[in-house]
There are 2 protein chains.
Amino acid sequence: MRDRSYGQFCGLAHAAELLGQRWTILVLRDLLLAPRRYSELQEGLPGIPSNGLARRLKELEADGLIVRELSEAPDRSVRYRVSERGQELIPALDALARWGAADMREPRPGEVVTAASLASALRSGIRSSTAAADRTGRTVYQVRVGDAVAHAVLEDGVVQVGVGPREDATLSLEGGPAFRDVLAGDLELADAVDRGEITAHGDHGLFEAFTATFQVPYRNANPPVEAAPSGR
Amino acid sequence: MRDRSYGQFCGLAHAAELLGQRWTILVLRDLLLAPRRYSELQEGLPGIPSNGLARRLKELEADGLIVRELSEAPDRSVRYRVSERGQELIPALDALARWGAADMREPRPGEVVTAASLASALRSGIRSSTAAADRTGRTVYQVRVGDAVAHAVLEDGVVQVGVGPREDATLSLEGGPAFRDVLAGDLELADAVDRGEITAHGDHGLFEAFTATFQVPYRNANPPVEAAPSGR
DNA sequence: CTGGATCCTCAACGATACTG
DNA sequence: CAGTATCGTTGAGGATCCAG
(Lines give C-alpha, C1' and ligand atoms only; values in the text may rest on other atoms or scores of the structure.)
Protein backbone atom coordinates (compact mmCIF):
# COMPACT_ATOMS: atom_id res chain seq x y z
CA MET A 1 0.00 0.00 0.00
CA ARG A 2 1.12 3.51 -0.67
CA ASP A 3 1.02 4.38 2.99
CA ARG A 4 0.39 1.64 5.47
CA SER A 5 -0.85 4.06 8.09
CA TYR A 6 -4.56 4.25 8.84
CA GLY A 7 -4.50 7.88 9.86
CA GLN A 8 -6.08 7.26 13.24
CA PHE A 9 -4.70 7.88 16.70
CA CYS A 10 -5.75 4.47 17.97
CA GLY A 11 -3.92 1.61 19.61
CA LEU A 12 -5.70 -0.98 17.56
CA ALA A 13 -4.99 0.84 14.32
CA HIS A 14 -1.36 1.14 15.31
CA ALA A 15 -1.15 -2.57 16.07
CA ALA A 16 -2.73 -3.31 12.72
CA GLU A 17 -0.14 -1.15 11.00
CA LEU A 18 2.69 -3.05 12.64
CA LEU A 19 1.28 -6.57 12.35
CA GLY A 20 -1.03 -6.41 9.37
CA GLN A 21 1.44 -7.28 6.62
CA ARG A 22 1.43 -10.76 5.24
CA TRP A 23 3.50 -13.33 7.18
CA THR A 24 4.35 -10.83 9.92
CA ILE A 25 2.34 -12.56 12.61
CA LEU A 26 3.72 -15.98 11.79
CA VAL A 27 7.29 -14.70 11.78
CA LEU A 28 6.67 -13.28 15.22
CA ARG A 29 4.99 -16.47 16.38
CA ASP A 30 8.11 -18.44 15.51
CA LEU A 31 10.50 -15.90 16.99
CA LEU A 32 8.48 -15.66 20.20
CA LEU A 33 9.15 -19.34 20.78
CA ALA A 34 12.88 -19.26 20.08
CA PRO A 35 15.48 -17.09 18.40
CA ARG A 36 15.83 -18.21 14.81
CA ARG A 37 18.17 -17.96 11.90
CA TYR A 38 16.98 -16.88 8.50
CA SER A 39 17.02 -20.42 7.18
CA GLU A 40 15.26 -21.80 10.24
CA LEU A 41 12.48 -19.29 9.71
CA GLN A 42 12.18 -20.30 6.07
CA GLU A 43 11.94 -23.93 7.14
CA GLY A 44 9.23 -23.21 9.69
CA LEU A 45 7.21 -21.08 7.28
CA PRO A 46 6.78 -23.20 4.17
CA GLY A 47 5.75 -21.09 1.23
CA ILE A 48 7.20 -17.78 2.38
CA PRO A 49 9.10 -16.13 -0.46
CA SER A 50 12.73 -15.54 0.27
CA ASN A 51 12.55 -11.83 -0.38
CA GLY A 52 9.29 -11.58 1.52
CA LEU A 53 10.97 -12.94 4.62
CA ALA A 54 13.88 -10.54 4.18
CA ARG A 55 11.48 -7.60 3.83
CA ARG A 56 9.46 -8.56 6.89
CA LEU A 57 12.57 -9.00 9.01
CA LYS A 58 13.80 -5.57 8.04
CA GLU A 59 10.46 -3.98 8.81
CA LEU A 60 10.17 -5.74 12.14
CA GLU A 61 13.65 -4.62 13.06
CA ALA A 62 12.92 -1.04 12.03
CA ASP A 63 9.73 -1.14 14.10
CA GLY A 64 11.67 -2.35 17.11
CA LEU A 65 9.90 -5.67 17.45
CA ILE A 66 12.88 -7.86 16.70
CA VAL A 67 16.65 -7.62 16.97
CA ARG A 68 19.11 -8.86 14.42
CA GLU A 69 22.21 -10.11 16.11
CA LEU A 70 25.44 -11.52 14.77
CA SER A 71 26.80 -14.42 16.71
CA GLU A 72 30.29 -14.28 18.13
CA ALA A 73 33.36 -14.98 16.10
CA PRO A 74 33.11 -18.77 15.77
CA ASP A 75 30.26 -19.05 13.28
CA ARG A 76 29.35 -15.47 12.47
CA SER A 77 25.77 -16.52 11.85
CA VAL A 78 22.82 -14.14 12.03
CA ARG A 79 20.12 -14.70 14.60
CA TYR A 80 16.83 -12.93 14.97
CA ARG A 81 15.16 -12.64 18.32
CA VAL A 82 12.21 -10.67 19.60
CA SER A 83 12.82 -7.46 21.51
CA GLU A 84 11.22 -6.76 24.85
CA ARG A 85 8.52 -4.87 23.02
CA GLY A 86 7.95 -7.93 20.86
CA GLN A 87 7.68 -10.15 23.92
CA GLU A 88 4.79 -8.06 25.14
CA LEU A 89 2.80 -9.28 22.16
CA ILE A 90 2.42 -12.75 23.64
CA PRO A 91 -0.89 -12.20 25.45
CA ALA A 92 -2.46 -10.59 22.38
CA LEU A 93 -1.26 -13.27 19.97
CA ASP A 94 -2.38 -15.98 22.35
CA ALA A 95 -5.84 -14.43 22.49
CA LEU A 96 -5.91 -14.33 18.69
CA ALA A 97 -4.74 -17.93 18.52
CA ARG A 98 -7.52 -19.06 20.83
CA TRP A 99 -10.06 -17.21 18.73
CA GLY A 100 -8.71 -18.62 15.50
CA ALA A 101 -8.61 -22.15 16.86
CA ALA A 102 -12.30 -22.04 17.67
CA ASP A 103 -13.42 -22.81 14.15
CA MET A 104 -10.71 -25.21 13.16
CA ARG A 105 -11.80 -28.83 12.89
CA GLU A 106 -9.87 -30.82 10.33
CA PRO A 107 -6.73 -29.63 8.61
CA ARG A 108 -7.57 -28.43 5.12
CA PRO A 109 -5.83 -30.22 2.28
CA GLY A 110 -2.14 -29.48 2.32
CA GLU A 111 -2.07 -27.90 5.75
CA VAL A 112 0.86 -28.83 7.92
CA VAL A 113 1.67 -28.63 11.60
CA THR A 114 4.98 -27.04 12.52
CA ALA A 115 6.82 -27.09 15.81
CA ALA A 116 5.98 -23.44 16.32
CA SER A 117 2.28 -23.87 15.53
CA LEU A 118 2.14 -26.73 18.00
CA ALA A 119 3.95 -24.84 20.74
CA SER A 120 1.84 -21.77 20.07
CA ALA A 121 -1.32 -23.81 20.47
CA LEU A 122 -0.06 -25.16 23.79
CA ARG A 123 0.90 -21.74 25.08
CA SER A 124 -2.36 -20.13 24.06
CA GLY A 125 -4.21 -22.82 25.97
CA ILE A 126 -2.35 -22.49 29.26
CA ARG A 127 -4.65 -22.14 32.21
CA SER A 128 -2.43 -20.35 34.65
CA SER A 129 -4.75 -20.84 37.59
CA THR A 130 -4.89 -24.58 37.07
CA ALA A 131 -1.17 -24.79 36.53
CA ALA A 132 -0.53 -22.81 39.67
CA ALA A 133 -2.70 -25.21 41.66
CA ASP A 134 -0.81 -28.16 40.25
CA ARG A 135 1.47 -30.30 42.29
CA THR A 136 4.72 -28.74 43.31
CA GLY A 137 6.92 -31.19 41.44
CA ARG A 138 8.29 -30.72 37.97
CA THR A 139 6.48 -32.04 34.94
CA VAL A 140 7.77 -32.10 31.39
CA TYR A 141 5.35 -32.74 28.54
CA GLN A 142 6.45 -33.48 25.01
CA VAL A 143 4.01 -33.42 22.13
CA ARG A 144 4.69 -34.65 18.64
CA VAL A 145 2.57 -34.34 15.49
CA GLY A 146 4.44 -35.71 12.50
CA ASP A 147 7.80 -34.02 12.40
CA ALA A 148 6.69 -31.19 14.65
CA VAL A 149 7.74 -31.46 18.28
CA ALA A 150 7.03 -29.08 21.11
CA HIS A 151 7.27 -29.25 24.84
CA ALA A 152 6.09 -27.64 28.04
CA VAL A 153 7.72 -27.60 31.43
CA LEU A 154 5.65 -27.06 34.57
CA GLU A 155 7.50 -26.09 37.67
CA ASP A 156 6.21 -24.22 40.69
CA GLY A 157 3.01 -23.40 38.89
CA VAL A 158 4.84 -21.73 36.03
CA VAL A 159 4.54 -23.11 32.50
CA GLN A 160 7.31 -22.73 29.95
CA VAL A 161 6.51 -23.70 26.39
CA GLY A 162 9.13 -24.27 23.73
CA VAL A 163 9.81 -25.92 20.40
CA GLY A 164 11.78 -29.10 19.94
CA PRO A 165 12.03 -32.32 21.93
CA ARG A 166 12.86 -32.89 25.57
CA GLU A 167 14.72 -36.02 26.55
CA ASP A 168 13.49 -35.71 30.12
CA ALA A 169 9.78 -35.77 29.28
CA THR A 170 7.55 -37.06 32.05
CA LEU A 171 4.75 -37.67 29.57
CA SER A 172 5.35 -37.88 25.86
CA LEU A 173 2.44 -37.78 23.44
CA GLU A 174 2.32 -38.45 19.74
CA GLY A 175 -0.65 -38.24 17.47
CA GLY A 176 -2.43 -36.47 14.68
CA PRO A 177 -5.27 -33.94 14.43
CA ALA A 178 -6.90 -35.65 17.41
CA PHE A 179 -4.78 -33.28 19.47
CA ARG A 180 -7.00 -30.44 18.44
CA ASP A 181 -9.99 -32.24 19.89
CA VAL A 182 -8.16 -32.96 23.12
CA LEU A 183 -7.05 -29.36 23.50
CA ALA A 184 -10.55 -28.21 22.67
CA GLY A 185 -11.98 -30.43 25.36
CA ASP A 186 -14.03 -32.37 22.86
CA LEU A 187 -12.12 -35.59 23.45
CA GLU A 188 -10.67 -37.10 26.60
CA LEU A 189 -6.98 -37.77 26.28
CA ALA A 190 -7.47 -41.22 27.79
CA ASP A 191 -10.10 -42.02 25.16
CA ALA A 192 -7.86 -40.81 22.37
CA VAL A 193 -5.13 -43.11 23.63
CA ASP A 194 -7.58 -46.01 23.93
CA ARG A 195 -8.66 -45.51 20.34
CA GLY A 196 -5.06 -45.43 19.21
CA GLU A 197 -5.31 -41.86 17.91
CA ILE A 198 -2.68 -40.71 20.36
CA THR A 199 0.29 -42.71 21.62
CA ALA A 200 1.57 -42.01 25.11
CA HIS A 201 4.87 -42.78 26.73
CA GLY A 202 5.63 -42.10 30.35
CA ASP A 203 3.31 -41.38 33.23
CA HIS A 204 -0.22 -42.10 32.06
CA GLY A 205 -1.44 -40.75 35.36
CA LEU A 206 -0.79 -37.27 33.99
CA PHE A 207 -3.55 -37.45 31.38
CA GLU A 208 -5.96 -35.43 33.45
CA ALA A 209 -3.31 -32.98 34.54
CA PHE A 210 -2.40 -32.33 30.92
CA THR A 211 -6.00 -31.62 29.97
CA ALA A 212 -6.48 -29.45 33.02
CA THR A 213 -3.43 -27.37 32.18
CA PHE A 214 -3.94 -26.92 28.44
CA GLN A 215 -7.36 -26.03 27.09
CA VAL A 216 -8.32 -24.12 23.98
CA PRO A 217 -12.09 -24.33 24.32
CA TYR A 218 -14.03 -24.66 21.15
CA ARG A 219 -16.13 -21.57 21.74
CA ASN A 220 -16.12 -18.65 24.14
CA ALA A 221 -12.65 -19.41 25.33
CA ASN A 222 -11.99 -15.84 26.32
CA PRO A 223 -13.18 -14.04 29.40
CA PRO A 224 -16.20 -12.05 28.27
CA VAL A 225 -16.05 -8.28 28.29
CA GLU A 226 -19.22 -6.43 27.58
CA ALA A 227 -19.59 -4.09 24.65
CA ALA A 228 -22.68 -2.34 23.43
CA PRO A 229 -23.30 -3.80 20.00
CA SER A 230 -26.73 -2.29 19.83
CA GLY A 231 -25.88 1.05 21.40
CA ARG A 232 -25.88 4.39 19.71
CA MET B 1 -2.59 -12.74 -2.89
CA ARG B 2 -2.93 -15.78 -5.02
CA ASP B 3 -4.04 -17.79 -2.01
CA ARG B 4 -4.46 -16.05 1.28
CA SER B 5 -4.03 -19.27 3.25
CA TYR B 6 -0.78 -19.87 5.11
CA GLY B 7 -0.97 -23.64 4.74
CA GLN B 8 -0.66 -24.31 8.43
CA PHE B 9 -3.10 -25.97 10.78
CA CYS B 10 -2.75 -23.29 13.41
CA GLY B 11 -5.22 -21.08 15.22
CA LEU B 12 -3.01 -18.03 14.92
CA ALA B 13 -2.45 -18.58 11.22
CA HIS B 14 -6.18 -18.98 10.74
CA ALA B 15 -6.87 -15.76 12.62
CA ALA B 16 -4.28 -13.99 10.47
CA GLU B 17 -5.99 -15.28 7.33
CA LEU B 18 -9.33 -13.88 8.44
CA LEU B 19 -8.14 -10.57 9.88
CA GLY B 20 -4.95 -9.84 8.00
CA GLN B 21 -6.38 -7.93 5.06
CA ARG B 22 -6.11 -4.19 5.04
CA TRP B 23 -8.87 -2.32 6.93
CA THR B 24 -10.43 -5.53 8.17
CA ILE B 25 -9.59 -4.98 11.82
CA LEU B 26 -10.82 -1.40 11.81
CA VAL B 27 -14.08 -2.36 10.13
CA LEU B 28 -14.59 -4.94 12.86
CA ARG B 29 -13.61 -2.45 15.55
CA ASP B 30 -16.36 -0.12 14.42
CA LEU B 31 -18.95 -2.85 14.01
CA LEU B 32 -18.13 -4.32 17.43
CA LEU B 33 -19.19 -1.03 18.97
CA ALA B 34 -22.43 -0.61 17.06
CA PRO B 35 -24.18 -1.92 13.96
CA ARG B 36 -23.38 0.39 11.10
CA ARG B 37 -24.56 1.31 7.68
CA TYR B 38 -22.23 1.45 4.74
CA SER B 39 -22.02 5.21 4.78
CA GLU B 40 -21.50 5.32 8.53
CA LEU B 41 -18.55 2.98 8.15
CA GLN B 42 -17.09 5.18 5.43
CA GLU B 43 -17.46 8.18 7.70
CA GLY B 44 -15.74 6.44 10.61
CA LEU B 45 -12.88 5.17 8.44
CA PRO B 46 -11.57 8.20 6.61
CA GLY B 47 -9.47 7.19 3.66
CA ILE B 48 -10.99 3.78 3.04
CA PRO B 49 -11.73 3.34 -0.66
CA SER B 50 -15.34 2.76 -1.48
CA ASN B 51 -14.67 -0.47 -3.31
CA GLY B 52 -12.25 -1.56 -0.62
CA LEU B 53 -14.97 -1.28 2.00
CA ALA B 54 -17.38 -3.19 -0.20
CA ARG B 55 -14.79 -5.94 -0.69
CA ARG B 56 -14.06 -6.25 3.01
CA LEU B 57 -17.72 -6.39 3.93
CA LYS B 58 -18.35 -9.18 1.45
CA GLU B 59 -15.38 -11.16 2.72
CA LEU B 60 -16.33 -10.69 6.34
CA GLU B 61 -19.83 -11.82 5.58
CA ALA B 62 -18.57 -14.86 3.67
CA ASP B 63 -16.30 -15.70 6.61
CA GLY B 64 -19.23 -15.49 9.00
CA LEU B 65 -17.90 -12.62 11.06
CA ILE B 66 -20.57 -10.12 10.15
CA VAL B 67 -24.18 -10.21 9.00
CA ARG B 68 -25.70 -8.01 6.34
CA GLU B 69 -29.28 -7.25 7.16
CA LEU B 70 -31.92 -5.29 5.33
CA SER B 71 -34.15 -3.23 7.51
CA GLU B 72 -37.88 -3.71 7.42
CA ALA B 73 -40.08 -2.22 4.75
CA PRO B 74 -40.09 1.46 5.85
CA ASP B 75 -36.59 2.47 4.83
CA ARG B 76 -35.07 -0.62 3.21
CA SER B 77 -31.64 0.42 4.41
CA VAL B 78 -28.73 -1.99 4.81
CA ARG B 79 -27.09 -2.54 8.17
CA TYR B 80 -24.02 -4.55 9.04
CA ARG B 81 -23.57 -6.08 12.45
CA VAL B 82 -21.11 -8.55 13.89
CA SER B 83 -22.13 -12.17 14.22
CA GLU B 84 -21.73 -14.09 17.45
CA ARG B 85 -18.44 -15.37 16.12
CA GLY B 86 -17.36 -11.81 15.50
CA GLN B 87 -18.31 -10.81 19.04
CA GLU B 88 -15.87 -13.37 20.36
CA LEU B 89 -13.06 -11.32 18.88
CA ILE B 90 -13.44 -8.60 21.50
CA PRO B 91 -10.91 -9.94 24.02
CA ALA B 92 -8.29 -10.50 21.33
CA LEU B 93 -8.76 -7.08 19.73
CA ASP B 94 -8.69 -5.42 23.13
CA ALA B 95 -5.40 -7.14 23.90
CA LEU B 96 -4.02 -5.94 20.57
CA ALA B 97 -5.29 -2.43 21.26
CA ARG B 98 -3.54 -2.34 24.63
CA TRP B 99 -0.34 -3.52 23.03
CA GLY B 100 -0.58 -1.00 20.24
CA ALA B 101 -1.37 1.85 22.61
CA ALA B 102 1.83 1.24 24.53
CA ASP B 103 4.04 3.09 22.09
CA MET B 104 1.69 5.87 21.13
CA ARG B 105 2.55 9.26 22.52
CA GLU B 106 1.50 12.14 20.30
CA PRO B 107 -0.79 11.81 17.31
CA ARG B 108 1.27 11.83 14.12
CA PRO B 109 0.49 14.58 11.67
CA GLY B 110 -2.94 14.11 10.19
CA GLU B 111 -4.06 11.46 12.62
CA VAL B 112 -7.62 11.77 13.83
CA VAL B 113 -9.63 10.36 16.70
CA THR B 114 -12.94 8.78 15.83
CA ALA B 115 -15.80 7.81 18.10
CA ALA B 116 -14.95 4.16 17.58
CA SER B 117 -11.24 4.60 18.30
CA LEU B 118 -12.12 6.42 21.50
CA ALA B 119 -14.64 3.82 22.62
CA SER B 120 -12.25 1.04 21.70
CA ALA B 121 -9.55 2.61 23.83
CA LEU B 122 -11.94 2.81 26.76
CA ARG B 123 -13.07 -0.79 26.40
CA SER B 124 -9.56 -2.14 26.05
CA GLY B 125 -8.65 -0.41 29.29
CA ILE B 126 -11.48 -1.73 31.40
CA ARG B 127 -10.31 -3.23 34.65
CA SER B 128 -13.10 -5.61 35.41
CA SER B 129 -11.96 -6.30 38.95
CA THR B 130 -11.89 -2.63 39.83
CA ALA B 131 -15.20 -2.01 38.15
CA ALA B 132 -16.75 -4.92 40.02
CA ALA B 133 -15.55 -3.50 43.32
CA ASP B 134 -17.05 -0.13 42.46
CA ARG B 135 -20.04 1.28 44.22
CA THR B 136 -23.32 -0.32 43.45
CA GLY B 137 -24.89 2.75 41.89
CA ARG B 138 -24.95 3.61 38.23
CA THR B 139 -22.30 5.79 36.66
CA VAL B 140 -22.30 7.16 33.13
CA TYR B 141 -19.12 8.60 31.69
CA GLN B 142 -19.00 10.57 28.49
CA VAL B 143 -15.72 11.36 26.77
CA ARG B 144 -15.24 13.76 23.91
CA VAL B 145 -12.18 14.44 21.78
CA GLY B 146 -12.98 16.86 19.00
CA ASP B 147 -16.01 15.53 17.18
CA ALA B 148 -15.54 12.04 18.55
CA VAL B 149 -17.78 11.09 21.45
CA ALA B 150 -17.93 7.83 23.34
CA HIS B 151 -19.44 6.72 26.59
CA ALA B 152 -19.31 4.04 29.23
CA VAL B 153 -21.98 2.91 31.63
CA LEU B 154 -21.08 1.21 34.89
CA GLU B 155 -23.82 -0.66 36.64
CA ASP B 156 -23.51 -3.55 39.07
CA GLY B 157 -19.84 -3.88 38.31
CA VAL B 158 -20.48 -4.33 34.60
CA VAL B 159 -19.09 -1.84 32.10
CA GLN B 160 -20.79 -1.15 28.79
CA VAL B 161 -18.90 0.95 26.29
CA GLY B 162 -20.48 2.57 23.27
CA VAL B 163 -20.10 5.29 20.69
CA GLY B 164 -21.98 8.56 20.71
CA PRO B 165 -23.12 10.90 23.49
CA ARG B 166 -25.16 10.23 26.59
CA GLU B 167 -27.45 12.92 27.89
CA ASP B 168 -27.49 11.32 31.33
CA ALA B 169 -23.72 11.45 31.87
CA THR B 170 -22.65 11.55 35.51
CA LEU B 171 -19.24 12.80 34.49
CA SER B 172 -18.53 14.34 31.12
CA LEU B 173 -14.97 14.88 29.96
CA GLU B 174 -13.64 16.80 27.01
CA GLY B 175 -10.07 17.21 25.94
CA GLY B 176 -7.32 16.40 23.50
CA PRO B 177 -4.44 13.95 23.38
CA ALA B 178 -4.01 14.39 27.13
CA PHE B 179 -6.57 11.60 27.39
CA ARG B 180 -3.95 9.17 26.28
CA ASP B 181 -1.75 10.15 29.18
CA VAL B 182 -4.60 9.84 31.62
CA LEU B 183 -5.56 6.40 30.33
CA ALA B 184 -1.91 5.41 30.40
CA GLY B 185 -1.64 6.44 34.02
CA ASP B 186 1.02 9.01 33.20
CA LEU B 187 -1.16 11.93 34.17
CA GLU B 188 -3.70 12.32 36.95
CA LEU B 189 -7.11 13.30 35.65
CA ALA B 190 -7.37 15.99 38.33
CA ASP B 191 -4.06 17.47 37.21
CA ALA B 192 -5.12 17.45 33.57
CA VAL B 193 -8.27 19.34 34.54
CA ASP B 194 -6.27 21.79 36.66
CA ARG B 195 -4.01 22.49 33.70
CA GLY B 196 -6.98 23.03 31.45
CA GLU B 197 -6.07 20.15 29.18
CA ILE B 198 -9.30 18.37 30.02
CA THR B 199 -12.64 19.98 30.79
CA ALA B 200 -14.97 18.20 33.17
CA HIS B 201 -18.69 18.58 33.73
CA GLY B 202 -20.60 16.75 36.40
CA ASP B 203 -19.37 14.92 39.46
CA HIS B 204 -15.69 15.76 39.90
CA GLY B 205 -15.58 13.28 42.74
CA LEU B 206 -15.51 10.55 40.11
CA PHE B 207 -12.04 11.44 38.83
CA GLU B 208 -10.35 8.69 40.78
CA ALA B 209 -13.04 6.18 39.98
CA PHE B 210 -12.62 6.89 36.27
CA THR B 211 -8.89 6.33 36.41
CA ALA B 212 -9.32 3.22 38.51
CA THR B 213 -11.77 1.75 36.01
CA PHE B 214 -9.99 2.60 32.76
CA GLN B 215 -6.27 2.03 32.45
CA VAL B 216 -4.18 1.26 29.40
CA PRO B 217 -0.76 1.09 31.02
CA TYR B 218 2.12 2.37 29.01
CA ARG B 219 4.11 -0.83 29.25
CA ASN B 220 3.50 -4.39 30.34
CA ALA B 221 -0.22 -3.86 30.38
CA ASN B 222 -0.96 -7.50 29.83
CA PRO B 223 -0.76 -10.32 32.31
CA PRO B 224 2.59 -11.98 31.65
CA VAL B 225 2.66 -15.52 30.35
CA GLU B 226 5.97 -17.24 30.14
CA ALA B 227 7.42 -18.49 26.90
CA ALA B 228 10.85 -19.96 26.26
CA PRO B 229 12.55 -17.39 24.02
CA SER B 230 15.90 -19.03 24.47
CA GLY B 231 14.69 -22.61 24.31
CA ARG B 232 15.41 -25.13 21.62
C1' DC C 1 25.96 -23.69 3.16
C1' DT C 2 23.79 -19.21 4.98
C1' DG C 3 21.71 -14.84 4.09
C1' DG C 4 20.08 -12.54 1.32
C1' DA C 5 19.32 -9.39 -3.55
C1' DT C 6 17.08 -9.11 -8.27
C1' DC C 7 13.68 -9.74 -11.60
C1' DC C 8 9.20 -10.64 -13.43
C1' DT C 9 4.26 -11.47 -13.02
C1' DC C 10 -0.09 -10.97 -11.07
C1' DA C 11 -3.50 -10.05 -7.56
C1' DA C 12 -4.72 -6.69 -4.00
C1' DC C 13 -5.14 -2.06 -2.97
C1' DG C 14 -6.34 2.79 -4.03
C1' DA C 15 -8.59 6.81 -6.53
C1' DT C 16 -12.19 8.33 -9.05
C1' DA C 17 -16.34 8.13 -11.57
C1' DC C 18 -20.64 6.44 -12.07
C1' DT C 19 -25.26 3.80 -11.25
C1' DG C 20 -29.75 1.20 -9.38
C1' DC D 1 -27.75 5.26 0.12
C1' DA D 2 -25.20 1.48 -1.17
C1' DG D 3 -22.66 0.10 -3.63
C1' DT D 4 -20.04 -1.06 -9.15
C1' DA D 5 -16.91 -0.12 -12.81
C1' DT D 6 -12.69 1.20 -14.43
C1' DC D 7 -8.09 1.89 -14.22
C1' DG D 8 -3.46 2.87 -12.32
C1' DT D 9 -0.13 1.58 -8.56
C1' DT D 10 2.19 -1.50 -5.46
C1' DG D 11 3.18 -5.16 -2.79
C1' DA D 12 3.16 -10.32 -2.68
C1' DG D 13 4.58 -14.74 -4.83
C1' DG D 14 7.95 -17.38 -7.05
C1' DA D 15 12.27 -18.38 -9.39
C1' DT D 16 16.86 -17.38 -9.88
C1' DC D 17 21.24 -15.49 -8.82
C1' DC D 18 25.06 -13.72 -5.86
C1' DA D 19 28.41 -12.79 -1.91
C1' DG D 20 30.84 -14.35 2.29
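These figures come from a predicted structure and were not determined experimentally.
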Nearest atoms (heavy-atom pairs only) where E40(A) meets P35(A): OE1-O, 4.2 Å
Could you tell me which residues satisfy side chain to side chain donor-acceptor pair (under 3.5 Å) with R37(B), sequence neighbours excluded, listed by chain and number? none
For each nucleotide in nucleotides 1-6 of chain D, reading 5' to 3', give B when a protein heavy atom comes within less than 4.0 Å of its base, S when such contact involves only the sugar-phosphate, and - otherwise. SSBBBB
Just to be sure I follow the notation: if a pair is Watson-Crick (purine N1 to pyrimidine N3 plus N6-O4 or O6-N4) or a G-U wobble (N1-O2 and O6-N3), each under 3.5 Å, what dot-bracket string does DNA chain D give, with | for pairs to another strand? ||||||||||||||||||||
Between E17(A) and R108(B), is there a salt bridge with N-O shorter than 4.0 Å? yes
CH2 of W23(B) versus C1' of dA15(C): gap in Å, rounded? 13 Å
Provide, to the nearest angstrom, the distance between the CG atom belonging to L70(A) and the C1' atom belonging to dT2(C). 12 Å
Identify, with sequence neighbours excluded, every residue that meets side chain to side chain donor-acceptor pair (under 3.5 Å) alongside E59(B). R56(B)
If only side-chain N and O atoms of Q21(B) are considered, is one of them under 4.0 Å from the OP1 or OP2 phosphate oxygen of dA12(C)? no
Can you check whether R22(B) has a side-chain N or O nearer than 4.0 Å to OP1 or OP2 of dG11(D)? no
dG11(D) phosphate, OP1 or OP2: any side-chain N/O from R55(A) under 4.0 angstrom? no
d(CZ, R4(A); P, dG14(C)) in whole Å: 14 Å
Check: P46(A) and V112(A) side chains under 4.5 Å, non-hydrogen atoms: yes
Separation of dA5(C) atom P from L53(A) atom CG, nearest Å, is 11 Å
Within this structure, what is the CG-to-P distance between L26(A) and dA12(D), rounded to whole angstrom? 14 Å
Given Y38(A) and S77(A), is the side chain to side chain donor-acceptor pair (under 3.5 Å) satisfied, shown in steps? CA-CA 9 Å; Y38(A) 186 90; S77(A) 67; over 6 Å; no
Distance col, row L19(B):CG vs Q21(B):CD, nearest 0.5 angstrom, shows 9.0 Å
Mind checking what makes side chain to side chain donor-acceptor pair (under 3.5 Å) contact with D63(B), not counting sequence neighbours? R4(B)
In chain order, what residues pass the side chain to side chain donor-acceptor pair (under 3.5 Å) check against D147(A), with sequence neighbours excluded? none
